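Presented below is the structure to which this report refers.
The chains referred to below are lettered A, B, ... by the order of the sequence lines, with proteins before strands, and numbering in each begins at 1. Everything numeric in this text was worked out from a predicted model, so none of it was measured.
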Protein chains: 2
Amino acid sequence: MRASDLPQVRALRLFSSMEEKHFDALMEVSYLQTFPPQLDLIAEGDLADFLYIVVEGSVELYARSNGRESAMGLVRPVGTFILAAVLKDAVYLMSARTAQRSKILLIPSQNIRQAFQQDAEFARAIVLELASCYRGVVKEYKDLKLRTAVERLANRLLRYHNDQGASGTLELPHDKRTLASVLGMTPENLSRAFNTLKPYGVEVDGSTITLADLKSMETLAKPNPLIDDRST
Amino acid sequence: MRASDLPQVRALRLFSSMEEKHFDALMEVSYLQTFPPQLDLIAEGDLADFLYIVVEGSVELYARSNGRESAMGLVRPVGTFILAAVLKDAVYLMSARTAQRSKILLIPSQNIRQAFQQDAEFARAIVLELASCYRGVVKEYKDLKLRTAVERLANRLLRYHNDQGASGTLELPHDKRTLASVLGMTPENLSRAFNTLKPYGVEVDGSTITLADLKSMETLAKPNPLIDDRST
DNA sequence: TTGCGGGGTTGATCTATGTCAAGGAATCCA
DNA sequence: TGGATTCCTTGACATAGATCAACCCCGCAA
């Protein structure tokens, strides 16, 4: 790993409060690599050899069972994935592939567990990160169980809109096929859901979405902080 | 908290490796209480004042949004709930009510966080517990996203059957209304799903289920350890 | 320019699941 | 003992969403 990459990594919330010597030891054995798009990084069922941290780009988590496949989430900078498997020294529950060209930090899981034992501040950061991931999945699960497809789309659009500055327009951060899978529906159904939202001021132009009537969107979507807020 | 209850609690995986003095301090401020059935313990949105540990009985986690309500999971002895909210000092994402008369340990969340800092072994146990909960939700999420209602029921029956000794019969650990909600369907649909499984050797007598043809059940259900195994 | 391919859309149709209404069986209780 | 209640089941119907097929649009390569 190159010295010029270090400060970038050190700034991550996960490492910022870690002791210098422990951080150095961890970086000594880690890799910061750039991967092309659509490259499979891990497969569900594999043993967790590394903790992955997305530094640039984005990664799609997905899972398969029977013949079906579904996207389980998108990880954008700066986020970790499969932290739980690493800590438990267990197999991955999800597969992961790059969605775009991505810079990713790989830390051997054994060293993560070791650092957890040696550095109380790091342990604290790990637990907060893990708890955040946990709550993220609970929210996704609630979203899927308590809402219809159109409601899920509407709330997702409102969320992206907020994340991107609430300017009235937003960019979908992935292609519609992936978005459909993340939302738990087929691409055809996503198209129809966009049509359903047209009367609520949603205009679609490729991956650019305009929200012309936020009031009525919110009436329809009924956003709920206990599902949609990523910060809490 | 009564002295006679202590050994029972001390034996929990979460506390077994904790230093004596830290454990004593924690118990000093905790409550072991017995609650009647159907009692609301916490409501989503409330600040996490306590960590809850189910010692006896069982607790249903559920969530609401819009007018809908859905069971998010069942906690049986010995299991914790809302650990993530406690560690993050955030609000609960789920509500909880007792399903039966239940003995529950309440530990002030502030003291949990304190003990986490002071006792490295406890921190380790906390992280493993949190990681297990996390993976549990991911599995539920995969179950819901990748399977039909009938498949979810079939796999759930196989799981209970295994948990209960694989004797050919099993007892549903909750009423069918709750089971339906846990599986993400209506009670009516659960009835029909049981009928669909009849040709596969599933006989229903109240809450006692007989699996007369495991082979064909497994062909239908296609159980997947990355969804159905609770241990990994 | 043409041909091709990927992603997206649309329409027709099918299927799974939800909803509503009714009824049955067990349980509780006065 | 006889409601009343709760839980479950069943049937008829409605709806959301999936599936299949066609097509469109646009970029791109030959």
Side-chain angles (χ1 to χ4, degrees), chain A residues 37-38 60 65-71 97 99-100 143-157 171-200 202-210 220-221, chain B residues 36-38 60 65-71 97 99-101 143-157 171-200 202-210 220-221:
Chain A
Q38 299 304 322
E60 179 194 348
S65 194
N66 280 341
R68 287 156 242 171
E69 175 181 317
S70 181
R97 65 168 83 95
Q100 319 159 11
D143 190 49
L144 189 60
K145 251 192 152 174
L146 292 166
R147 287 174 170 161
T148 65
V150 171
E151 289 172 340
R152 293 200 295 279
L153 173 59
N155 280 294
R156 179 72 57 149
L157 293 180
E171 278 295 309
L172 297 180
H174 26 246
D175 59 18
K176 288 183 185 148
R177 156 184 313 281
T178 308
L179 177 61
S181 187
V182 167
L183 292 174
M185 56 178 119
T186 57
E188 294 96 325
N189 221 344
L190 177 63
S191 265
R192 293 180 184 118
F194 271 121
N195 283 333
T196 308
L197 291 181
K198 215 172 266 173
Y200 298 85
V202 176
E203 283 144 39
V204 181
D205 175 20
S207 66
T208 305
I209 315 288
T210 310
L220 171 79
Chain B
Q38 300 303 322
E60 179 193 347
S65 195
N66 281 339
R68 287 154 243 171
E69 176 182 316
S70 181
R97 65 169 82 96
Q100 319 159 11
R101 181 183 152 86
D143 190 50
L144 190 60
K145 252 191 151 175
L146 292 167
R147 286 175 170 161
T148 66
V150 172
E151 288 171 339
R152 292 199 296 278
L153 173 59
N155 281 293
R156 180 70 59 147
L157 293 179
E171 278 295 309
L172 297 179
H174 26 248
D175 59 20
K176 288 183 184 149
R177 156 185 312 281
T178 308
L179 177 62
S181 187
V182 167
L183 292 175
M185 56 178 118
T186 58
E188 295 95 326
N189 222 344
L190 176 62
S191 265
R192 293 182 185 117
F194 271 121
N195 283 332
T196 307
L197 291 181
K198 216 173 264 173
Y200 298 86
V202 176
E203 282 143 40
V204 181
D205 175 20
S207 65
T208 306
I209 315 288
T210 310
L220 171 79

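Taking atom CZ of A:R177 as the reference point, atom C1' of C:dG6 lies 8 Å away to the nearest angstrom. Rounded to whole angstrom, the span from the NZ atom of A:K176 across to the P atom of C:dT9 amounts to 4 Å. To the nearest angstrom, P of D:dT9 lies 8 Å from CG of B:N195. Taking atom CG of B:L172 as the reference point, atom P of D:dC8 lies 9 Å away to the nearest angstrom. In this structure, the CG atom of B:L153 is 11 Å from the P atom of D:dT9, given to the nearest Å. Residue A:I209 contributes atom CD1, which lies 11 Å from atom P of C:dG8 at whole-angstrom precision. Taking atom CG of residue A:L183 and atom C1' of nucleotide D:dA18, one finds them 16 Å apart after rounding to whole Å. The CG-P distance, from A:D175 to C:dG5, rounds to 20 Å in whole Å.
At a cut-off of 3.5 angstrom, the base of D:dC20 holds at least one donor-acceptor pair with the side chain of A:E188.
Of all heavy-atom pairs between A:F194 and A:L179, the closest is CZ-CD2, 4.5 Å.
Between B:N189 and the phosphate of C:dT17, there is no side-chain N or O to OP1/OP2 separation shorter than 4.0 Å.
From B:L157, atom CG reaches atom CG of B:L183 across 8.0 Å, with rounding to the nearest 0.5 Å.
With D:dT10, D:dG17, C:dG8 as the choices, the nucleotide that has an atom nearest any side-chain atom of B:S191 turns out to be D:dT10.
Contact annotation for A:R192: base contact, defined as any heavy-atom pair under 4.0 Å involving a base atom.
Side-chain atoms of B:K145 come within 3.5 Å of backbone atoms of A:S181 as a donor-acceptor pair (strictly under, hydrogens ignored). When atom types are taken as modelled, the side chain of B:R152 and the backbone of B:D143 share no donor-acceptor pair closer than 3.5 angstrom.
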